[in-house]
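If you're wondering where the values come from, they're calculated on a predicted model, not measured in any experiment.
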Amino acid sequence: AELLLDNEFLNEGLIELTKYKNHREEKGWKTPERYQVLFSKVSNISTSLSDNKLFYESTKVNAEDFILSNIPSTNVVLYDVFKNKEGKERLIFTDFKDIEFVTNRRKSKCLENAKKNEVFEAKIHFDKINQKYLVLKIKKSDIAIDNLINNASEEIAIVDHINNQKKLFHYVINTRQDGVIHFDQTTLKLNIGDFIKIKYYFSNDKKSAKSKINILKVETTQEVKNSLIKTITGELKLKYKVNGSTYDYDDIIDEQLDIDIRKPDFGFINDYYVPKYLLENSNINSNINVRVKVLFNGEKWNVFKIINNI
């Protein structure tokens with residue numbers, strides 16, 4: 001009613017006010033002061049119509065825009081398409097921040113042939129009872145998807161593992177956040193210990209009902225997160241595994257055991273584990289003082305590079 005009156009649709013505003021007043025009287029409720037203020041604008045006119053059906057039908061598109069005019073538009077991306085338990089197709093939209101909603105292609109003609117990564121302009125309402133967003137109106141947008149990606153959440157992460165067989169990188173952001181980047185998601189050639197800057201957003205996994213990180217953009221960075229990497233120095237102590245038993249390098253030398261010291265199986269610097277491949281790459285076959293780099297894999301610190309001997 002207030003929107004109608006503000007736009008000089010007095011008869012139509014009167015009809016909505018009358019319906020509002022009748023409804024409250026049926027419920028035994030008082031009319032608020034705001035009603036009296038609005039009614040004073042049309043108290044000197046009358047109408048024989050009981051509803052605005054003809055008005056809304058004759059100006060259906062304009063009326064929809066009019067009713068939703070005070071709701072801001074949000075640019076969203078068609079991020080994914082899936083089928084629910086009944087086999088019905090559903091479309092997932094997001095603004096790459098804190099808005100995500102699901103709808104179907106029948107919601108709007110513009111969705112009939114919509115494809116993933118296309119951008120739309122939507123008017124939405126948050127349903128507090130069901131804790132979800134409802135789409136009221138949606139149409140194609142002129143905004144490029146890169147604009148939304150650039151406004152997405154950003155983090156610095158470290159590459160802590162590379163699985164060439166599965167063709168993926170594993171990265172760590174902190175003790176609570178980590179994830180994978182498949183080789184086909186980036187052209188970057190990354191190494192363990194590299195820092196990357198990622199653009200991402202959280203979504204709810206439909207199968208596990210858990211939140212997951214969706215990678216939108218990956219790039220290398222010179223920024224370093226000190227909580228994920230550090231350099232330490234100390235004595236690297238070699239270990240050898242023979243017939244189910246583990247021997248220290250010093251014991252082999254002191255006791256002159258028949259074990260090939262050129263082939264250590266692993267080692268420790270302080271309490272940090274040093275894998276066999278790093279020992280082989282650095283041609284280390286005796287206890288020596290070294291400087292190494294260690295990274296945090298989300299649970300513990302791992303040596304990933306032997307810098308040099310001291």
Side-chain angles (χ1 to χ4, degrees), residues 3 51-53 55-153 155 166-168 170 176-186 198-218:
L3 284 171
D51 61 51
N52 282 319
K53 184 177 181 180
F55 171 75
Y56 291 135
E57 287 183 350
S58 64
T59 58
K60 185 175 182 180
V61 175
N62 291 335
E64 185 179 59
D65 290 338
F66 175 66
I67 293 170
L68 301 177
S69 62
N70 63 335
I71 299 177
S73 295
T74 301
N75 285 303
V76 294
V77 174
L78 173 52
Y79 189 75
D80 201 5
V81 179
F82 74 99
K83 289 186 177 181
N84 61 15
K85 294 180 180 178
E86 291 74 35
K88 296 180 179 179
E89 188 181 53
R90 292 292 182 263
L91 314 180
I92 303 177
F93 291 85
T94 176
D95 68 344
F96 293 148
K97 290 183 179 179
D98 52 4
I99 293 175
E100 181 177 299
F101 62 83
V102 178
T103 189
N104 57 60
R105 295 190 186 276
R106 297 191 305 274
K107 183 64 181 180
S108 173
K109 188 173 182 62
C110 70
L111 299 181
E112 291 179 358
N113 299 304
K115 298 178 177 62
K116 289 173 64 172
N117 294 330
E118 290 184 341
V119 182
F120 294 81
E121 186 178 308
K123 289 183 179 288
I124 55 179
H125 167 71
F126 186 69
D127 181 352
K128 293 182 179 180
I129 296 177
N130 295 304
Q131 291 293 297
K132 65 179 183 179
Y133 284 97
L134 304 176
V135 58
L136 306 175
K137 185 178 181 181
I138 190 167
K139 64 180 182 179
K140 287 295 292 289
S141 173
D142 295 328
I143 298 296
I145 188 173
D146 287 344
N147 290 359
L148 275 72
I149 291 176
N150 289 335
N151 290 325
S153 297
E155 279 287 359
K166 294 183 177 180
K167 297 182 178 181
L168 58 82
H170 185 268
R176 301 179 306 279
Q177 296 174 295
D178 67 322
V180 298
I181 301 169
H182 294 273
F183 287 179
D184 60 7
Q185 288 181 280
T186 178
I198 60 174
K199 290 282 188 179
Y200 71 97
Y201 92 99
F202 282 111
S203 69
N204 295 316
D205 189 294
K206 304 303 176 185
K207 295 181 180 179
S208 65
K210 296 180 179 179
S211 62
K212 65 175 183 177
I213 296 178
N214 299 278
I215 298 296
L216 304 173
K217 183 178 180 181
V218 185

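Contacts of Thr94 classified as side chain to side chain donor-acceptor pair (under 3.5 Å), with partners at least two apart in sequence or in another chain: none. Scanning for salt bridge (Lys or Arg N to Asp or Glu O under 4.0 Å) contacts around Arg105 gives Glu89, with sequence neighbours left out. Remark: Lys123 engages no residue in a salt bridge (Lys or Arg N to Asp or Glu O under 4.0 Å) (not counting sequence neighbours). In this view, Asn117 and Val77, Ile145 satisfy the side chain to side chain contact (heavy atoms under 4.5 Å, CB included) rule, not counting sequence neighbours. Residues forming a ring pair (Phe, Tyr, Trp, His ring centres under 6.0 Å) with Tyr201 (at least two apart in sequence, or on another chain): Tyr79, Phe96. For Asp142, there are no side chain to side chain donor-acceptor pair (under 3.5 Å) partners two or more places apart in sequence or in a different chain. Listed by chain and number, the residues in a side chain to side chain donor-acceptor pair (under 3.5 Å) with Asp178 are His170 (sequence neighbours excluded). Partners of Lys166 by side chain to side chain contact (heavy atoms under 4.5 Å, CB included), not counting sequence neighbours, listed by chain and number: Asn163, Leu168. Residues meeting the side chain to side chain contact (heavy atoms under 4.5 Å, CB included) test with Leu3, sequence neighbours left out: Phe66, Ser69. In terms of the side chain to side chain contact (heavy atoms under 4.5 Å, CB included) criterion, residue partners of Asp98 (sequence neighbours excluded) are, by chain and number, Asp95. Remark: Asn150 engages no residue in a side chain to side chain donor-acceptor pair (under 3.5 Å) (not counting sequence neighbours).
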Please tabulate, one pair per line, all N/O donor-acceptor pairs under 3.5 Å involving side-chain atoms of residues 108-116, not counting sequence neighbours.
from: Ser108; atom 1: OG; to: Cys110; atom 2: N; distance (Å): 3.3
from: Ser108; atom 1: OG; to: Ile138; atom 2: O; distance (Å): 3.4

